[in-house]
Amino acid sequence: MKRFVLLQIAIALTAASAALGQEFDIVIRNGHVIDGTGSPWYSADIGIKDGRITAIGQLAGARARRRIDARNMVVTPGFIDMLGQSELSILVNPHLPSKIYQGITTEITGEGSSAAPLNDAIRRADHGGFDHYHINPDWSTFREFFARLEKQGMGINLASYVGATQVRRMVLGDDNRAPTAAELERMKELVRQAMRDGTLGLSTSLQYAPAPYATTDELIALAAESAKLGGIYATHMRSEGDAIMAALDEVFRIAREAKTPVEIWHLKAAGKPNWGRMPEIVARIEKARAEGLDIAADTYAYPAWFNTFSAFIPPWAHDGGDAKLIERLKDLATRARIRGEMETPSTKWDNEWHEIAGPEAILLSVVQNPKLLPLQGKTIADIAKMRGKDPIDTIFDILVEDHASTMVAVFGMSEPDVALALQQPWVSVDNDSQGTAPDGVLGQEHPHPRAYGTFPRILRKYVREEKKLRLEEAIRKFTSLPAQRVRLTDRGVLKKGMWADVVVFDPQTITDRATFENPNQLSEGMTYVLVNGVPVVDGGKMTNALPGKVLRGPSYAP
C-alpha cells in the first residue's frame, strides 16, 4: 500500500511538472470546477493550448499568455443546445449573441425541415423565409451548406440532423401521398448522402405538414438508414397532447424496428386536458428504457411552446403546400370545414385550438408581412377585438395575410409537468429557438423568451430559487448528457484532451432577462464564454470572435 501511495504521488508530481513546463494560451485560475459529469465541484486551474484543455490542476506557476481569474465563480463545460433552429439565422448574424450570453457553445439543429438537401422546388416554395432574412440559398447538399458556414465563420459550434420532411419534399414535394418503392429508395439514398456529408442522424417534426403524411413504416425505413451509419433518430412526436400515448408507442416502434437510439424533442404534456399526465409519460418512457430501448428526451422548461401558426390547421388542409392552404382558407365552404375540425376534440391530429383555454393563450410573435409588424406581441384575443372579428376567423385571416409564415407562442402547459420533465435523469435541455440578437433584422422579431433565456432561467429558477435541481446536475444536463446523446466524444466534459468549450459564471447571479412581453433581452451573468479555446464573451462583453466549428457525425467522409 505504501509503495502504491508513493507511486501515485510520483505520477501527480510528474504531471504537475509537465504542466509547469509548457506554455498555455490561457490558464483559468481559482475557480470551482464543475466538470459536467454530475460530480461535486472541486478546486483546480485549467490550462488551454491550441483550442484544447491540456492540463487540470494547480497551475499557479505555469507560463501562460493570459490568465483568467475565476475566483468566486464556477468553471463548467460550454452548454449544448439540443435543438437550436439557427441554420438560417447564423447566416444573418454569425455571432448569435442570444446563444453565447446563455453559455451555449454548441447547437444541434435540423428539426424535420433541415437546411439541406435543397432543390429548386423547395427554394421556390420557401422563398419567403429566405427573402425575409436576405439569404441566397446557394447550396444543395449538407457538404455545401457546411462549407458556407465554415467560410463565413461562426460564434458557436453547430451540428445538424437531416430532416425526414426535407427528404420527403425533395422526392414528393408537399403532397399527401405515400412514396413508391423507387421513391422511397431515393429518399433513403438522400439520408445516406447526408450522413456521409456529416449529419448526426435523422429527425422528424411530425406535427407540421407535410410531415404527418409519412407513415410509421416510411419513418422506420429512413431511420434504419441513419442507424446503419451510426446516427440517431430525433423527433418532435406526432402528438404532444391528447394522442401522446399513441405517439410514444410510435416512437418505441421506430426505436425497436429501426434499431436506433431516439431523442424526444421538447418533452411536454400539451393542452389543459392533459395537465398532470407527465408522471404517466415519464413512466411509459422508463418502461421502454427498462425493456432495452435507448430513449431520452430534452426540454426548454417554459409553460408555453412556440411554433408555426399554421399548425392550428388540420393536416389535410396543407396538402400541396402553403399556397394550397391559403386557397382553402379563402374558400368559405372549406374554411367552415376547417373551423368545424378545430372545434371538435380529436386524437387524429394535434388540435392546438382544443388544447388551449382560448385566444388569449396565443401570442403573435413573428410575422413576415411588414404590415402585420404592429401585431407582434399581441394575443389573438387582443387582435380579434381590435378587428371586430371572431378569434378563429382572425387566425385564418392572419395566415392568409402572412402567407402562412407566422410564428406564435402558445400557453398550453402546466408548471408541475414542466418541472417533472426537467428533473428526469435522461432529460437534457434545448432552446428550440434560433439564435438571434436585439438589433438588426433579427431584432425586429418578437421571439419566445426561451430564445434568450432558457439555460440561465433553469439556473435561476430551478436551481437557485426552487432547488429542484442540484447545480452539478443542471450542468450535467447542459453538457455531458447531450454530448453523450449525440456522440460528441470530445466535448461536454472538462477533461484533458477535450476541446476547450468553457464557461465561467457566478451561480448566485446568473439570470435571464427575456420575458414574453419584452423578449429581446440578453441574459446576464456569463463572465467568460470560450469556444474552442477562444473567448466569445470576455469580462461579460462579446468579442465578435468567430471560432466555432461545424461538428460532423460518425459517418462523415471527407
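Along the sequence shown, the residues carry numbers beginning at 1. Given the structure is predicted, the values throughout are model-derived calculations rather than measurements.
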Is the backbone of Asn518 close enough, under 3.5 Å, to the side chain of Thr515 for a donor and an acceptor to pair up by distance?
-> yes
So, the side chain of Arg29 versus the backbone of Asp45: is there a donor-acceptor pair under 3.5 Å, distance only?
-> no
More than 12 non-hydrogen atoms from neighbouring residues, nucleotides or ligands closer than 6.0 Å to NZ on Lys49, yes or no?
-> yes
Side-chain donor/acceptor of Lys268 to backbone N/O of His266, under 3.5 Å = yes
Validation row: Asn520, Tyr452 side chains within 4.5 angstrom (heavy atoms) | yes
Measuring from Ile232:CD1 to Glu263:CD, what's the distance to the nearest 0.5 Å?
-> 6.0 Å
Look at the rings of Phe455 and Phe478 and say which category their plane angle falls in: under 30° parallel, 30 to 60° tilted, over 60° perpendicular.
-> perpendicular
Examine distances only and state if a side-chain atom of Gln423 and a backbone atom of Lys468 form a donor-acceptor pair shorter than 3.5 Å.
-> yes
Hey, could you give me each pair passing salt bridge (Lys or Arg N to Asp or Glu O under 4.0 Å) that has a residue in residues 417-444? Not counting sequence neighbours.
-> Asp432-Arg450
pair Arg513-Tyr101: side-chain heavy atoms closer than 4.5 Å | no
Distance-only, no hydrogens or angles: does the Asn274 side chain make a donor-acceptor pair with backbone N or O of Arg277 under 3.5 Å?
-> no
Please check if any side-chain donor atom of Asn532 sits under 3.5 Å from a side-chain acceptor atom of Asn157, or the reverse.
-> yes
Salt-bridge test for Asp249 and Arg238: reply yes if a basic N is under 4.0 Å from a carboxylate O, no otherwise.
-> no
Just do the salt bridge (charged side-chain N to carboxylate O under 4.0 Å, His left out) check on Glu280 and Arg284 with the steps written out, would you?
-> CA-CA 6 Å; Glu280 181 186 359; Arg284 288 289 287 273; 5.0 Å; no
Close aromatic pair by centroid cut-off 6.0 Å: Phe306 and Tyr300 = no
Which atoms form the tightest heavy-atom contact between Gly230 and Pro554, and what is the distance?
-> O-CG, 3.4 Å
So how far is it from Asp501 CG to Thr106 OG1, rounded to the nearest 0.5 Å?
-> 5.0 Å
Please walk me through it: do Thr454 and Asn431 pass side-chain hydrogen bond (donor to acceptor under 3.5 Å, both in side chains)?
-> CA-CA 6 Å; Thr454 300; Asn431 231 44; 3.0 Å; yes
When you look at Val74 and Phe505, which way does the side-chain contact (heavy atoms from CB on, under 4.5 Å) test go after all the steps?
-> CA-CA 6 Å; Val74 295; Phe505 64 94; 3.6 Å; yes
Could you tell me whether a side-chain N or O of Arg289 sits under 3.5 Å from a main-chain N or O of Ile295, the two making a donor and an acceptor?
-> yes
With distance as the sole criterion, is a donor-acceptor pair present between the side chains of Ser428 and Asp298 under 3.5 Å?
-> no
Please confirm whether the backbone N or O of Leu420 pairs with a side-chain atom of Gln424, one donor and one acceptor, at under 3.5 Å?
-> yes
Passes side-chain contact (heavy atoms from CB on, under 4.5 Å), Asp506 versus Met73? Steps please.
-> CA-CA 5 Å; Asp506 182 348; Met73 292 186 280; 4.3 Å; yes
Spatial distance of atom NZ (Lys287) from atom CG (Leu248) [nearest 0.5 Å] | 12.0 Å
Hey, are the side chains of Ile108 and Tyr161 touching, using non-hydrogen atoms and a 4.5 Å cut-off?
-> yes
What do the steps show when you test Tyr208 against Ser310 for side-chain hydrogen bond (donor to acceptor under 3.5 Å, both in side chains), and what is the final call?
-> CA-CA 8 Å; Tyr208 309 120; Ser310 61; over 6 Å; no
Should the pair Phe309 and Phe312 be assigned to parallel (<30°), tilted (30 to 60°) or perpendicular (>60°) ring geometry?
-> perpendicular
Between atom OG of Ser205 and atom CE of Met237, what is the distance when rounded to the nearest 0.5 Å?
-> 11.5 Å
Distance, nearest 0.5 Å, that separates NE2 of His95 from CD1 of Ile156 = 12.5 Å
Would you check if Lys477 and Leu469 make a side-chain contact, meaning some heavy-atom pair closer than 4.5 Å?
-> yes
Donor-acceptor pair, side chain of Asp35 and main chain of Val493, under 3.5 angstrom | no
Report the C-alpha distance between Val486 and Leu551 in whole Å, list the side-chain angles of each, state the deciding distance to 0.1 Å, and finish with yes or no for side-chain contact (heavy atoms from CB on, under 4.5 Å).
-> CA-CA 11 Å; Val486 294; Leu551 306 184; over 6 Å; no
Would you call Ile510 and Arg464 a side-chain contact if the rule is heavy atoms closer than 4.5 Å?
-> yes
Check for a donor-acceptor pair, side chain of Ser203 on one end and backbone N or O of Gly110 on the other, with a separation under 3.5 Å.
-> yes
Can you find a heavy atom in the side chain of Gln102 that is under 4.5 Å from one in the side chain of Asp81?
-> no
Give the intermediate values and the outcome of side-chain contact (heavy atoms from CB on, under 4.5 Å) for residues Ser43 and Trp41.
-> CA-CA 7 Å; Ser43 297; Trp41 68 266; 3.5 Å; yes
For Trp426, the ring pair (Phe, Tyr, Trp, His ring centres under 6.0 Å) test, sequence neighbours excluded, returns none
Any Val367 side-chain heavy atom under 4.5 Å of Gln376 side chain | yes
Heavy-atom side-chain contact between Trp305 and Glu355 under 4.5 Å = yes
Ion pair present between Arg65 and Asp25, side-chain N to carboxylate O less than 4.0 angstrom?
-> yes
Between Asp490 and Trp499, is any side-chain donor less than 3.5 angstrom from a side-chain acceptor?
-> yes
When every non-hydrogen atom of Ile254 is compared with those of Thr260, the smallest separation belongs to O-CG2, 3.9 Å
Locate the shortest heavy-atom distance separating Arg457 from Pro303; write the atom from each residue and the value.
-> NH2-CD, 4.2 Å
Side-chain (Ser365) to main-chain (Leu363) donor-acceptor, under 3.5 angstrom | yes
Pairwise distance CD1(Ile26) to OG1(Thr54) - rounded to 0.5 angstrom = 11.0 Å
Do you know the tightest heavy-atom contact between Pro447 and Pro519?
-> O-CB, 3.2 Å
Might you work through the side-chain hydrogen bond (donor to acceptor under 3.5 Å, both in side chains) test for Thr204 and Thr235, ending with a clear yes or no?
-> CA-CA 5 Å; Thr204 55; Thr235 182; 2.8 Å; yes
Atom of Val27, atom of Ala64 and distance for their closest heavy-atom approach | CG2-CB, 3.6 Å
With a 3.5 Å cut-off and no angle check, do the side chains of Ser480 and Thr37 form a donor-acceptor pair?
-> no
For Pro261 and Arg487, which heavy atoms make the closest approach, and how far apart are they?
-> CG-NH2, 3.3 Å
Taking only Lys NZ, Arg NE, NH1 and NH2, and the carboxylate oxygens of Asp or Glu, determine whether Glu473 and Arg476 approach each other closer than 4.0 Å.
-> yes
